[in-house]
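All remarks here apply to the structure that follows.
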Number of protein chains: 2
Amino acid sequence: MADTKKPRGRPSKFDPEASLEIAMRLFWAHGYEGTSVAELTDAMGINKPSLYAAFGSKEELFEKALQHYIAGPIAFVSAALDEPTAYRVVEKLLSESVHFLTAPDTPRGCMVNTGSLSCSKETAAVKETLAKYRQQFETSLTARLQRAQREGDLPGQTNPATLAKYIATLHQGMSTQAASGASREALLDMTRLVLDNWPSR
Amino acid sequence: MADTKKPRGRPSKFDPEASLEIAMRLFWAHGYEGTSVAELTDAMGINKPSLYAAFGSKEELFEKALQHYIAGPIAFVSAALDEPTAYRVVEKLLSESVHFLTAPDTPRGCMVNTGSLSCSKETAAVKETLAKYRQQFETSLTARLQRAQREGDLPGQTNPATLAKYIATLHQGMSTQAASGASREALLDMTRLVLDNWPSR
DNA sequence: ATATTTATGTACCATTCGGTAAATAAATAT
DNA sequence: ATATTTATTTACCGAATGGTACATAAATAT
């Protein structure tokens with residue numbers, strides 16, 4: 001089942017998957033513009049041509065690191081949408097986000113939120129990519145809340161899009177809070193406050 | 001009353017106040033690292049030595065532009081704390097923030113939030129300055145809510161610090177939302193939702 | 001008129017930026 | 001053994017970065 005046929009030329013001395021993980025951590029911690037190619041190659045232990053051969057460009061590497069981030073560390077976000085009720089979706093989303101955003105062994109804050117909020121004109125594409133992902137999340141959450149309304153666990157007078165924007169906004173704000181040093185306990189207290197005032201509890 | 005005594009040397013051909021306003025707009029729109037000194041001097045119509053003579057360094061200029069921003073465009077934030085009740089403080093704060101963050105003639109988002117969230121290690125000082133200002137706001141709001149509790153317009157079981165963090169988090173999230181293109185109407189709807197679920201209404 | 005003071009414009013500094021050309025090293029195919 | 005293929009290392013590219021030395025221009029003081 002494994003790849004038994006040996007490749008033709010000189011073997012790579014680095015694992016692209018491991019390098020992607022390293023890139024993710026650096027972009028996560030310092031953003032797109034705050035991370036230089038030299039820092040990336042230093043951390044990966046490779047030279048620049050190897051990076052460009054494997055990933056194309058800094059921007060492509062960022063995109064791939066972003067995919068890696070979405071499929072890995074924040075997979076819990078889309079998983080939370082599978083909870084049975086709107087309340088439990090939001091409960092799980094917020095509480096898991098707090099734990100994630102304040103985890104001791106990973107950068108503070110969410111890469112999708114802090115990766116590139118304001119940037120030079122040249123880097124606007126990256127900024128918009130991240131904005132697109134945030135929008136996708138909000139759209140998915142809206143759809144999930146609409147389903148909840150059909151299934152009767154969300155009051156009919158609540159606007160799902162507005163509620164989704166509310167949760168997305170809180171989530172984005174929590175990312176800033178965590179990146180600025182807010183404690184896990186304080187953010188959990190805040191989550192409790194939000195859930196205690198949930199429209200349909 | 002005016003400054004009648006003529007200064008000694010060659011007169012300045014630029015107004016430092018106007019230049020500070022220009023710097024504020026650029027930093028506001030593109031952040032600290034996303035704005036280059038060359039872009040600043042171009043927009044101001046001066047040469048670099050004039051900028052350095054007037055403001056010291058890029059970082060000092062940013063600090064002064066930040067003061068200008070806090071004293072000007074977002075003076076309404078501390079002004080909102082003067083409203084008579086906790087509910088009206090928050091109502092004014094959120095609704096005015098939405099109008100401010102989505103104003104058509106100014107950059108989207110709040111400079112204190114988007115000025116430098118993630119950045120290279122070298123620029124960590126600017127990031128922390130902004131985090132400090134956000135913390136100051138949250139602390140002021142906490143104090144205001146404590147006063148509200150003493151004055152009886154906020155239920156005793158509510159934790160002012162938690163409630164203040166909640167509002168601050170929403171505010172920070174709204175900045176990201178606005179910077180990402182959220183419409184004024186959608187954000188006002190969201191504000192309405194928040195206020196309708198206010199703990200002590 | 002001349003000296004002094006201040007701000008200007010020009011030209012430059014070392015460093016870093018993202019990215020690449022070219023030579024070389026290490027593997028397999030024949 | 002030799003050719004071919006692939007990835008490596010080294011060295012470099014032009015442009016942009018934040019910041020400054022230096023000569024000059026424009027004002028006042030004497």
Side-chain angles (χ1 to χ4, degrees), chain A residues 3-20 22-23 26-27 30-65 115-116 118-127, chain B residues 3-20 22-23 26-27 30-65 115-116 118-127:
Chain A
D3 192 356
T4 48
K5 52 181 152 189
K6 298 173 184 174
R8 192 79 195 288
R10 176 174 177 171
S12 296
K13 61 170 247 188
F14 79 101
D15 175 13
E17 275 299 308
S19 292
L20 200 56
I22 290 171
L26 283 176
F27 282 133
H30 303 116
Y32 179 73
E33 292 199 286
T35 308
S36 71
V37 174
E39 286 171 332
L40 289 163
T41 53
D42 281 0
M44 294 171 179
I46 62 177
N47 298 108
K48 281 197 275 183
S50 298
L51 185 149
Y52 279 89
F55 301 107
S57 68
K58 185 189 178 186
E59 193 166 332
E60 287 179 70
L61 173 58
F62 182 84
E63 305 271 359
K64 284 161 188 162
S116 179
S118 67
C119 57
S120 64
K121 293 160 188 164
E122 294 77 24
T123 327
V126 171
K127 185 175 75 172
Chain B
D3 192 357
T4 48
K5 50 181 153 187
K6 298 172 182 174
R8 192 80 196 287
R10 178 175 176 170
S12 296
K13 61 171 253 190
F14 79 101
D15 175 13
E17 274 298 309
S19 292
L20 200 57
I22 290 172
L26 284 175
F27 283 132
H30 304 116
Y32 178 72
E33 293 199 286
T35 308
S36 70
V37 174
E39 286 170 332
L40 288 162
T41 53
D42 281 0
M44 294 172 179
I46 64 176
N47 297 107
K48 281 196 276 183
S50 298
L51 185 148
Y52 281 88
F55 301 108
S57 70
K58 186 189 179 185
E59 194 166 329
E60 287 179 68
L61 173 58
F62 182 83
E63 303 271 0
K64 283 161 189 163
S116 179
S118 66
C119 58
S120 64
K121 293 159 189 165
E122 292 77 25
T123 327
V126 170
K127 185 176 76 172

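Order of the sequence lines sets the chain letters (A, B, ...), proteins ahead of strands, with each chain counted from 1. When reading the values below, keep in mind they use all heavy atoms of this one structure, side chains included, and skip hydrogens, waters and symmetry mates.
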Self-check item: Phosphate contact (C/dA26 OP1 or OP2) by A/Lys13 side-chain N/O below 4.0 Å
Solution: no
Quiz prompt | Heavy-atom pair with the smallest gap, counting every atom of A/Thr35 and A/Leu26 | solution = OG1-O, 3.3 Å
Quiz item: Between D/dA15 atom C1' and A/Lys58 atom NZ, what is the distance in whole Å?
Solution: 15 Å
Quiz item: Which whole-number value in Å describes the distance from A/Ile46 CD1 to C/dT20 P?
Solution: 15 Å
Exercise. Send over the distance from B/Met44 CE to C/dA7 P, rounded to a whole Å.
Key: 16 Å
Practice problem: Decide yes or no for A/Tyr32 and A/Lys127: does some side-chain heavy atom of the first lie under 4.5 Å from some side-chain heavy atom of the second? | Solution: no
Got a list of protein N/O to nucleotides 4-6 of chain C N/O distances below 3.5 Å?
unit_1	atom_1	unit_2	atom_2	d
C/dT6	O2	B/Arg10	N	3.1

Self-check item: A/Glu59 vs B/Phe14, nearer the 5' end of DNA chain C by closest nucleotide
Solution: B/Phe14
Quiz item: Can you check the A/Glu122 CD to D/dA15 P distance for me, whole Å?
Solution: 15 Å
Exercise. Scan side-chain atoms only and decide if A/Ser57 and A/Glu59 contain a donor-acceptor pair under the 3.5 Å cut-off.
Key: no
Self-check item: Any A/Lys121 side-chain heavy atom under 4.5 Å of B/Glu39 side chain
Solution: yes
Practice problem: Would you mind classifying the nucleic acid contact of B/Thr35 as base, sugar-phosphate or nothing, using non-hydrogen atoms under 4.0 angstrom? | Solution: sugar-phosphate
Practice problem: Check B/Ser120 against B/Glu33 and note the closest heavy-atom contact, atom names and distance. | Solution: OG-OE2, 2.9 Å
Exercise. Would you mind reading off the distance between B/Glu60 atom CD and D/dG18 atom P, rounded to a whole angstrom?
Key: 15 Å
Practice problem: Mind calculating the distance between NZ (B/Lys121) and P (C/dC17) to the nearest angstrom? | Solution: 11 Å
Quiz item: Do the side chains of A/Phe55 and A/Ser19 get nearer than 4.5 Å, heavy atoms only?
Solution: yes
Exercise. Taking the side chain as every heavy atom from C-beta outward, state whether A/Phe14 and A/Met44 have any pair of such atoms under 4.5 Å apart.
Key: no
Practice problem: Round to the nearest Å and state the distance from B/His30 atom NE2 to D/dA16 atom C1'. | Solution: 17 Å
Exercise. Can you see which heavy atom on B/Ile46 is nearest to which on B/Ser50, and at what distance?
Key: CD1-CB, 4.1 Å
Quiz prompt | Spacing between B/Leu40 atom CG and D/dA16 atom P, to the nearest angstrom | solution = 16 Å
Quiz item: Are side-chain heavy atoms of B/Phe27 and B/Lys58 found at a separation under 4.5 Å?
Solution: yes
Quiz item: What stems, by residue range, does DNA chain C take part in, given at least 3 consecutive Watson-Crick or G-U pairs under 3.5 Å?
Solution: C:1-30 with D:1-30
Quiz item: So, for A/Ser118 and B/Gly31, which heavy atoms are closest and what is the spacing to 0.1 Å?
Solution: OG-CA, 3.3 Å
Quiz prompt | Minimum side-chain heavy-atom gap B/Leu61-B/Leu20 below 4.5 Å | solution = yes
Quiz item: Where along residues 47-56 of chain B does a heavy atom come under 4.0 Å from DNA chain D, residue by residue in number order?
Solution: B/Lys48, B/Pro49, B/Tyr52
